[in-house]
Amino acid sequence: MLDLVRGFLLLVGIFLLGTFLHERGVPIPGSVLGLLLLYGALLSGMVKLSWVEKAAGLLLRHMVLLFVPVTVGLIDVGGVVSRSAIAIAASLLVSFLAVLLTTGMLGQRLLARKASAEHLS
Amino acid sequence: MRPMLQHPVFSIALTFVFYAAAQMLHRRWRALPPIVLACVPIIVFLLLLHEPYRNYNRGGSVLTWCLGPATVALAVPMYRNSMPLRSSLPRLAMVVLAGALVGMVTAGGTAWLLGAPRDVVMSAVPKSVTTPIAIEVSRQLNGIPQITIAMVIGAGVLGSSVGRSLLKVAGVRDDRAIGAAMGTSAHGIGTASLVRHSEMQTTVSSWAMAAAGVFTSLLGTLLAWIMR
């Protein structure tokens, strides 16, 4: 339980720090800045994985709960959505295929070749 | 009844209850993601009671705020999964960066070509990445976050249902390439669909999902700055 509290305090603290830096002129959004700060702190060993592991796991497992309220806001934009429904659907499909295939095929070339090279050496 | 309905704590409780119910239903209907199962009844509920969204959102915004710390928490899977990938991380990062860029350009470009208004085009741009980051990028670009979320969910569902088969047809067989493609194109929902297939795919996908979010946010910040 204390683990969780410590983890939450740390995550909220880092988020607030990121937001503070963002307000002071760093253009990256506070939450992503916080993500990068925590990633750096974990890599450098300043923050131990065990301090944040439990709280982070809980937040990420139930992240869907956290974006329910914004999604319910679709109520207010129904008009815009139905007017652009075809553009939205096409954009979703085209872009999904483009990302999946470029990343997959580029990955196949760049990442798989390396594995076989390792295998040979 | 009215004053109680309008109290912030009520809408938070309502959201918790429908979320819990959605999780249970999701165990039966794997095809429908919990977010759809949770939101549809809440929307119906609000419409039936003629309750405006802004009243519901007084409590709802508290939950939305928590997306900030949840985004920070993404550093944990990113860190944990970067350990077994150490030597291929730079190349993996390049692949994910390319995917993130392609995603933003094709999503915005397609919507623009089809004559969608500017705010809809901007809502489409971050549609490949994990929800909290996508919302943030959508806001930065003056998009409509609700539309962005709907598209993010769409991408996740597409990825988890047809992603692996499409990659197979395209000749993508390497576990790391599959993971990178699924994490970059279908974020958390796509990653979750890999768990029962391969540990390596899941590891790469988890890392790629967080990295794609970071790259998209950085590119989005750049785009917002250019369009200023």
Side-chain angles (χ1 to χ4, degrees), chain A residues 8 11-12 14-15 18-19 27-32 34-36 38-39 42-43 49 52-53 55-56 59-60 63-77 80-81 84 86-88 90-92 94-96 98-108 110-112 114-115, chain B residues 15 19 34-35 38-39 42-43 53 57 60 63-64 66-76 78-79 88 91 95 98-99 102-103 106-107 110-111 114 116 120 124 128 131 135-136 144-147 149 151 154-155 158 163 166-167 170 172 174 176-177 180-181 184-185 214 217 221 225:
Chain A
F8 279 126
L11 291 172
V12 169
I14 295 173
F15 170 57
T19 310
I28 308 163
S31 56
V32 178
L35 191 173
L36 291 171
L38 179 57
Y39 190 50
L42 285 167
L43 283 176
L49 185 60
V52 287
E53 209 171 16
L59 269 179
L60 293 175
M63 197 157 72
V64 169
L65 169 70
L66 305 179
F67 57 83
V68 166
V70 194
T71 316
V72 170
L74 274 169
I75 280 191
D76 284 352
V77 295
V80 192
V81 175
S84 306
I86 294 176
I88 291 174
S91 158
L92 171 62
V94 170
S95 170
F96 166 72
V99 181
L100 184 82
L101 296 177
T102 22
T103 325
M105 281 147 78
L106 198 63
Q108 181 72 27
L110 287 177
L111 302 168
K114 202 226 156 200
Chain B
T15 312
Y19 171 72
I35 183 69
C39 288
I42 295 178
I43 290 176
Y53 173 69
N57 200 36
L63 294 175
T64 308
C66 295
L67 282 172
T71 307
V72 176
L74 281 169
V76 169
M78 198 170 167
Y79 169 73
S88 45
R91 246 157 317 161
V95 172
V102 166
T106 52
T110 310
L114 291 173
V120 174
S128 310
T131 314
I135 295 175
E136 196 70 56
I144 304 166
Q146 294 92 321
I147 296 186
I149 297 193
M151 296 183 75
L158 280 171
L166 283 174
L167 287 170
V172 179
D174 181 69
R176 282 180 286 191
T184 311
S185 66
V214 171
S217 170
T221 302
W225 182 76

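Throughout, protein chains are lettered first and strands after them, A, B, ... in sequence-line order, and every chain is numbered starting at 1. Computed from heavy atoms alone, side chains included, the values below leave out hydrogens, waters and symmetry copies. Source: prediction; values computed, not measured.
Of the two parts of Thr102(A), only the side chain, counted from C-beta on, holds a non-hydrogen atom closer than 4.5 Å to a non-hydrogen atom of chain B. Ile43(B) touches chain A through backbone and side chain together, each having a heavy atom under 4.5 Å away. Residue contact with chain A, scored on non-hydrogen atoms closer than 4.5 Å, involves the backbone and the side chain of Leu74(B) alike. Heavy atoms of Thr64(B) lying under 4.5 Å from chain A belong to its backbone as well as its side chain. Leu65(A) touches chain B through backbone and side chain together, each having a heavy atom under 4.5 Å away. Both the backbone and the side chain of Thr106(B) come within contact range of chain A, with heavy atoms under 4.5 Å apart. Both the backbone and the side chain of Ala107(B) come within contact range of chain A, judged by heavy atoms closer than 4.5 Å. For Leu49(A), the part lying near chain B is the side chain, with the backbone staying farther off; criterion is any non-hydrogen pair under 4.5 Å. For Val77(A), the part lying near chain B is the side chain, with the backbone staying farther off; criterion is any non-hydrogen pair under 4.5 Å.
Using a 4.5 Å heavy-atom cutoff, the side chains of Leu166(B) and Phe96(A) are in contact. Looking at Leu59(A) and Pro69(B), their side chains come closer than 4.5 Å, going by heavy atoms from C-beta outward. Put simply, the side chain of Leu35(A) reaches to within 4.5 Å of the side chain of Met78(B), judged on heavy atoms. Residues Leu92(A) and Leu158(B) are in side-chain contact: their nearest non-hydrogen atoms beyond the backbone lie under 4.5 Å apart. Side-chain contact between Met105(A) and Val172(B) is present, with heavy atoms from C-beta onward closer than 4.5 Å.
Checking Thr110(B) against Ser91(A) by side-chain atom types alone, no donor-acceptor pair falls below 3.5 Å.
Counting non-hydrogen atoms of other residues, nucleotides and ligands closer than 6.0 Å to CG of Leu43(A) gives a total above 12.
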Q: Please report the C-alpha distance between Leu63(B) and Val68(A) in whole Å, then the side-chain angles of each, then the deciding distance to 0.1 Å, and finally whether the side chain to side chain contact (heavy atoms under 4.5 Å, CB included) criterion is met.
A: CA-CA 8 Å; Leu63(B) 294 175; Val68(A) 166; over 6 Å; no
Q: Given side chain to side chain contact (heavy atoms under 4.5 Å, CB included), test Arg91(B) with Leu111(A) step by step and report yes or no.
A: CA-CA 7 Å; Arg91(B) 246 157 317 161; Leu111(A) 302 168; 4.1 Å; yes
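Per-residue counts of heavy-atom pairs under 4.5 Å with chain A were compared for Ala98(B), Gly103(B), Ala116(B); the largest is that of Gly103(B). When each of Ile135(B), Val76(B), Asn57(B) is checked for heavy-atom pairs under 4.5 Å with chain A, Val76(B) comes out on top. In terms of non-hydrogen atom pairs under 4.5 Å with chain B, the most contact-rich of Ile28(A), Val72(A), Leu36(A), Val32(A) is Val72(A). No other option in Val95(B), Val120(B), Leu114(B) has as many heavy-atom pairs under 4.5 Å with chain A as Val95(B). Comparing Leu106(A), Leu38(A), Val94(A), Leu42(A) by how many heavy-atom pairs each has under 4.5 Å with chain B, the most go to Leu42(A). Among Gly18(A), Gly34(A), Pro29(A), the residue making the largest number of heavy-atom pairs under 4.5 Å with chain B is Pro29(A). Highest contact tally toward chain B, considering only Ile75(A), Val12(A), Val81(A), Thr19(A), is held by Ile75(A) [criterion: heavy-atom pairs under 4.5 Å]. Heavy-atom pairs under 4.5 Å with chain A were tallied for Gly154(B), Gly99(B), Gly68(B), Pro34(B); the largest tally goes to Gly68(B). Of the residues considered (Ala98(A), Gly104(A), Pro69(A)), Pro69(A) shows the highest number of contacts with chain B, using heavy-atom pairs under 4.5 Å. Contact tally against chain A (heavy-atom pairs below 4.5 Å) for Ile147(B), Ile35(B), Thr221(B): the top residue is Ile35(B). Ranked by heavy-atom pairs under 4.5 Å with chain A, the list Thr15(B), Leu67(B), Val214(B) is led by Leu67(B).
Annotation: the span from Thr131(B) atom OG1 to Leu66(A) atom CG amounts to 10.5 Å, rounded to 0.5 Å. Rounded to the nearest 0.5 Å, atoms CD1 (Ile144(B)) and CD1 (Ile88(A)) are 8.0 Å apart. Atom CZ of residue Phe8(A) and atom SG of residue Cys66(B) lie 8.5 Å apart, to the nearest 0.5 angstrom.
Between the side chain of Gln146(B) and the main chain of Val70(A), no donor-acceptor pair closer than 3.5 Å is present. Judged by distance alone, the side chain of Thr71(B) and the main-chain N or O of Ser31(A) form no donor-acceptor pair under 3.5 Å.
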